Amino acid sequence: MGAADSGKKIWTILELITWGTGYLAEKNIDDARLNIELLLSHILHLQRIQLYTKFDQPLSEQELALFKSLLKRRLVNEPLQYILGETEFMGLKFSVDRSVLIPRPETELLVDQALTLIKQRFFDSKELSILDLGTGSGCIAVSLAVKLPHTFVTGIDISEEALVVAARNAERNNVSDRTKFLKADMMGLKAETFPQRFQCIISNPPYISIAELTQVAPEVKEYEPVTALTDNANGLKFYPEIAHFAQAALTDDGIVGMEHAYNQSESVLEIFKSADFSDEVIVKDYRGINRHLFFCKHRSI
Ligand code: GLN
């Protein structure tokens, strides 16, 4: 890109796609072309597909400068979602920044299963209360509120910065009037903190063990908030808390569902069984690995 640096060369969309893809691939960034196309769409305020109809469009000097500065961030492993400031989850747009975990595709399966169970179980109930423990960006809470028009969803998080992002996402998706975000710690959480009981408690808690944190991708460990990733212990610290809290805070016909690590299914199952939960529903992720567990309080799901 030497010529562009001196302001002489005019770069078109196609030239930047070709050059940028090669450059990122050389630096071992996965999905190089997709990364470049998404950066360009962001800078040019175009849908990705529109790039293809505007291949010969030149970038202005300012656009090129912005492209270079964002590309530099990607080169040092900053996740694309933080660079763009947003991502998609359950077909909805969510703002993200470094104070929140980037919503993951497997967490959509948690939400899908919750939707199925809630619809089966409470199909005739007008108003439901749902609680999302460790809400982060609010992706779970907001998508449940969007997909279930008669629900009120509360999200808690220990991070005030995350709560700001979650509230912004509720607004962005027009569910501010049916969501509430509160600062609270999952550890030692009491049912009395809330004026009502919940038909559904859901959580994607920090479950990476401190030992495994060193092995995750640089995008994750260098950029995502460490308190959202690990419990600083064996990865299982939050589950007995959730189980204990759910026994007290669920309605008698309520359900609890959560995500866990690829190797925690049996341990989480045991934790919930010893807290008197039964009739589990196990959900597998896209790789066929047990990833989510749901239980009901009394009668079977
Ligand atoms: N609930 C959010 C998500 O699923 C945040 C989870 C977390 O911070 N561990 O993405």
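The model shown is predicted, which means the values in this text are computed figures rather than measured ones. Just so you know, ligand 1 is whichever comes first in the structure, and atom 1 is the first atom listed for that ligand.
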**Item:** Option with minimal heavy-atom separation from atom 10 (O) of ligand 1, where the choices are Pro206, Ala166, Cys139, Ala228
**Value:**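 It is Cys139 that holds the nearest heavy atom.
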**Message:** Looking only at protein heavy atoms, which one is nearest to atom 2 (C) of ligand 1, and what is the separation?
**Reply:** Thr135 O, 3.4 Å
Please confirm whether [X] comes within less than 3.5 Å of ligand 1 when only nitrogen or oxygen atoms on both sides are compared.
{"X": "Gly134", "answer": "yes"}
{"X": "Asn204", "answer": "yes"}
{"X": "Ser137", "answer": "no"}

**Request:** Check for a donor-acceptor pair, side chain of Asp31 on one end and backbone N or O of Leu34 on the other, with a separation under 3.5 Å.
**Result:** no
Between [Y] and [X], is there a salt bridge with N-O shorter than 4.0 Å?
{"X": "Lys9", "Y": "Glu15", "value": "yes"}
{"X": "Lys273", "Y": "Glu280", "value": "yes"}
{"X": "Asp253", "Y": "Lys297", "value": "no"}

**Asked** Which of the atoms in ligand 1, numbered in the order shown and given with their element, are less than 4.0 Å from a heavy-atom of Thr107?
**Response** 4 (O)
**Message:** Taking salt bridge (Lys or Arg N to Asp or Glu O under 4.0 Å) as the cut-off, I'd like each qualifying pair that reaches into residues 217-231, sequence neighbours left out, listed once.
**Reply:**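 Checked against salt bridge (Lys or Arg N to Asp or Glu O under 4.0 Å) - neighbours excluded - the pairs reaching residues 217-231 are Arg74-Glu219, Arg104-Glu224.
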